[in-house]
Amino acid sequence: YHMKVGNQDVVDVIMCPNPHDEPCFEKFTFTPRKILPKETPCYVLQMMHHLNFLEDFRIKQETLIRFILYVKKGYRELPYHNWLHAFSVAHFAYLCLRNFQLIERGYLTKLEALAYFVSCLCHDIDHRGTTNSFQQQSNSVLASLYSSEGSVMERHHLSQTLCILNTEGCNFLESLNREDYRRCLDLIKDMILATDLATHYKIHSRQLTMAEEGYDRTSSEHRYYLCGLLMTCADLSDQTKDWTETKRVAQLIYSEFFNQGDLEKQMGKEPANMMDREKASIPDHQVEFLTECCLCIFRILAVIFPSAKILVGAIKRNIICWKSSKDTFNKLCLEGKTSYEVLI
Ligand SMILES: Cc1nc2ccc(C(=O)N[C@]34C[C@H]5C[C@H](C[C@H](C5)C3)C4)cc2n2c(-c3ccccc3Cl)nnc12
Ligand SMILES: [Mg+2]
Ligand SMILES: [Zn+2]
C-alpha cells in the first residue's frame, strides 16, 4: 500500500495501523485469527510478496495461488487444527523473518526462509483432531502407514504437502534448479516433522545448549535445531497473544482433546486426564504446559533473538491469568460445572 500521511509519503505501509491504533499486522501483538477466513489467502500471498519469495524463486503467482487454495482446502473443519491455525502459524513465521531479520542477518538462507514459511502453512494439513498415540490406539490407516517411523500425523501432513506440490498447476517450486528443489523438500520434511511436540521434548536440551554456546551458522546441527525451534514457537504462538485470545484458543484445543477422550471411552479405553472432560483441570494443565513447555522454548528463542523477550513476557502474563482463573474454576466446579463449561 502507498499511503500519504501529511505531505510525507509513507511507502510500503502494509496492513498499516488503522486510526484506532489496533496492533499492526507487522507486530507480535497482532492476532491473525481476527482476519476473515475468506481474506486469508490474499494475506498469505501478500506476506510472500513482502518476503520477496516470488522474485527470488521466480514463482508464478497463478501457480502459487492455486497451491495456497489447495492447502487451505486440505484442512478439515475442526475446532483447533483447521486452516486458521495454519494461517496464524504462518503469520508468526512471517513476523520472525521480518522482525528478527532472519535472512538479512544470516540465520536462514532465502531457501530455508521459504521452506520455513511454507512448512508452517502446511504443517497440519488433513489433521483429524486426534493425537499420534490415538492413531496407534485406534489402529488407524495412518498408524499402519507410519507408526514404524513415529510422528504419524506429521508424516501424513508432509505426504499431503508433497501430493499438492505434485498436483497439476500447483508446483510453485518448479523454477528451482534440481539441487535447490531437492534441498527445499528436505527442509520442508525436517520442519514439518519437527512440529511433533514429542520430538521437541527430545531435542529441547540441545537447543538450549546451542543458544547458550552461540548460534554457529556453519554448523548444520545448529541450523537443524534453529529450524525446529522456529517451527515449535510458531506452532505455539497463540500462547504469546493477549489473555482473551489465549483463553479462546485453549477452549478450541480442549474441545478437540475432549472429543478424542469421548472417542476413547467409546472404544473402551481410559483417556489421559487432559483428554477427559470429567477429570481435566484446564487451568492446572495449562499452567503446567505454559511453564514446562512454552516458557522454556520462548526463553531459548529470546537468548538468540533478544527482541523475543516480549513473547516471554506475554506467556508469563498468561500463566498468571491461568493461576488467578483457578479460584473461579474451582468455585464454579464446586457448583458441578466441568472446567470446560467454565471456560466457554
Ligand atoms: C495450549 C496448548 N496446550 C497443549 C497441551 C498439551 C499438548 C500436548 O500435545 N502434550 C503432549 C504431552 C506428552 C508429550 C507430547 C505427546 C503427548 C504426551 C501429548 C505432547 C499440546 C498443547 N498445545 C498445542 C499443540 C502443539 C503441538 C501439537 C499439538 C498441540 Cl494441541 N498447541 N497449543 C497447546
Ligand atoms: Mg501438528
Ligand atoms: Zn499445529
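The figures that follow rest on heavy atoms only: side chains count, while hydrogens, waters and symmetry mates do not. Positions are given from 1, in the same order as the sequence printed here. This structure is a prediction, so every number in the text was calculated from the model and none was measured. Start at 1 and go down the list; that is how both ligands and their atoms are numbered.
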J.: Examine Phe100 together with Phe28 and report whether their ring centres are nearer than 6.0 Å.
T.: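 Yes, they do, as the ring centres are separated by less than 6.0 Å.
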J.: Can you tell me which residue and heavy atom of the protein come closest to atom 2 (C) of ligand 1, and the distance to 0.1 Å?
T.: Phe289 CE2, 3.4 Å
J.: Hey, do the aromatic rings of Tyr43 and Phe25 have their centres closer than 6.0 Å?
T.: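 Ring-ring flag for Tyr43/Phe25: true, centres closer than 6.0 Å.
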J.: For Cys293 and His200, run side-chain contact (heavy atoms from CB on, under 4.5 Å): C-alpha distance rounded to whole Å, both residues' side-chain angles, the deciding distance at 0.1 Å, then the answer.
T.: CA-CA 9 Å; Cys293 183; His200 156 70; 4.3 Å; yes
J.: Report, in ascending order of atom number, the atoms of ligand 1 lying under 4.0 Å from any heavy atom of Asp235.
T.: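 Every atom of ligand 1 under 4.0 Å from some heavy atom of Asp235: 27 (C).
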J.: Is the terminal nitrogen or CZ of Arg217 (NZ for Lys, CZ for Arg) located under 6.0 angstrom from the six-membered ring centre of Tyr107 and within 45° of that ring's axis?
T.: yes
J.: Quick one: report the N, O or S atom of Asp235 that is nearest to the Zn ion (ligand 3).
T.: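 Per the distance ranking, Asp235 contributes OD1 as its closest N/O/S atom to the Zn ion (ligand 3).
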J.: Do protein heavy atoms approach atom 27 (C) of ligand 1 to less than 4.0 Å?
T.: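 Looking at atom 27 (C) of ligand 1, one finds that a protein heavy atom does lie closer than 4.0 Å.
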J.: Does His127 bring an N, O or S atom to within less than 2.8 Å of the Zn ion (ligand 3)?
T.: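 No N, O or S atom of His127 is closer than 2.8 Å to the Zn ion (ligand 3), so no.
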J.: Specify the protein heavy atom at minimum distance from atom 32 (N) of ligand 1: its residue, its atom name, and the distance to 0.1 Å.
T.: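 Scanning the protein heavy atoms, the shortest distance from atom 32 (N) of ligand 1 goes to Leu236 CD2, 3.6 Å.
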J.: Assess whether a salt bridge exists between Asp216 and Arg223, defined as any Lys/Arg side-chain N lying under 4.0 Å from an Asp/Glu carboxylate O.
T.: no
J.: Specify which N/O/S atom of His85 comes nearest to the Zn ion (ligand 3), by atom name.
T.: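 Of the nitrogen, oxygen and sulfur atoms in His85, the Zn ion (ligand 3) lies nearest to NE2.
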J.: Looking at Phe30, does the NZ or CZ of Lys27 lie under 6.0 angstrom from its six-membered ring centre and within 45 degrees of the ring axis?
T.: no
J.: For the Mg ion (ligand 2), report each protein N, O or S atom nearer than 2.8 Å, sorted by chain and then by residue number.
T.: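 Asp124 OD1, with waters left out.
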J.: For atom 31 (Cl) of ligand 1, what's the nearest protein heavy-atom neighbour? Residue, atom name and distance, please.
T.: Phe257 CZ, 3.7 Å
J.: So Tyr340 and Phe258, would you call those rings parallel, tilted or perpendicular, with 30° and 60° as cut-offs?
T.: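 Correct class here is perpendicular.
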J.: Under a 4.0 Å threshold between the charged nitrogen and the carboxylate oxygen, would Asp327 count as salt-bridged to Lys331?
T.: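 Salt bridge between Lys331 and Asp327, a charged N being under 4.0 Å from a carboxylate O: no.
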J.: Considering only heavy atoms, which of Met274, His285, His85 lies nearest to atom 19 (C) of ligand 1?
T.: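 It is Met274 that holds the nearest heavy atom.
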J.: Would Thr240 and Thr246 count as a side-chain contact (heavy atoms from CB on, under 4.5 Å) if you check the C-alpha gap in whole Å, the side-chain angles of each, and the deciding distance to 0.1 Å?
T.: CA-CA 8 Å; Thr240 66; Thr246 299; over 6 Å; no
J.: Going by an N to O cut-off under 4.0 Å, is there a salt bridge joining Arg182 and Glu179?
T.: no
J.: Among all protein heavy atoms, pick the one closest to atom 16 (C) of ligand 1 and tell me residue, atom and distance.
T.: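 Of the protein heavy atoms, Ala198 CB, 4.4 Å lies nearest.
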J.: For atom 9 (O) of ligand 1, what is the closest protein heavy atom, and at what distance to 0.1 Å?
T.: Leu197 CD1, 4.0 Å
J.: Does atom 34 (C) of ligand 1 have a protein non-hydrogen atom under 4.0 Å from it?
T.: yes
J.: Only heavy atoms of Ile253, strictly under 4.0 Å: list the atoms of ligand 1 that pass.
T.: 1 (C), 2 (C), 32 (N), 33 (N), 34 (C)
J.: Examine His85 together with His123 and report whether their ring centres are nearer than 6.0 Å.
T.: yes
J.: Report the name of the N/O/S atom of Asp124 located nearest to the Zn ion (ligand 3).
T.: OD2
J.: Tell me whether Glu270 is salt-bridged to Lys265, with the criterion being a basic N under 4.0 Å from an acidic carboxylate O.
T.: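 No, Glu270 and Lys265 are not salt-bridged.
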J.: Take a 6.0 Å sphere around NZ of Lys34 and say whether it holds more than 12 heavy atoms from other residues, nucleotides or ligands.
T.: yes
J.: Around atom 29 (C) of ligand 1, find the nearest protein heavy atom and jot down its residue, atom name and distance.
T.: His81 NE2, 3.9 Å
J.: Quick check on the Zn ion (ligand 3): does His81 put an N/O/S atom closer than 2.8 Å to it?
T.: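 His81 does not place any N, O or S atom closer than 2.8 Å to the Zn ion (ligand 3).
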J.: Give the atom numbers and elements of ligand 1 that come within less than 4.0 Å of a heavy atom of Gln239.
T.: 1 (C)
J.: In terms of residue, atom name and distance, what is the protein heavy atom nearest to atom 13 (C) of ligand 1?
T.: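 Of every protein heavy atom, Tyr201 CE1, 4.7 Å lies nearest to atom 13 (C) of ligand 1.
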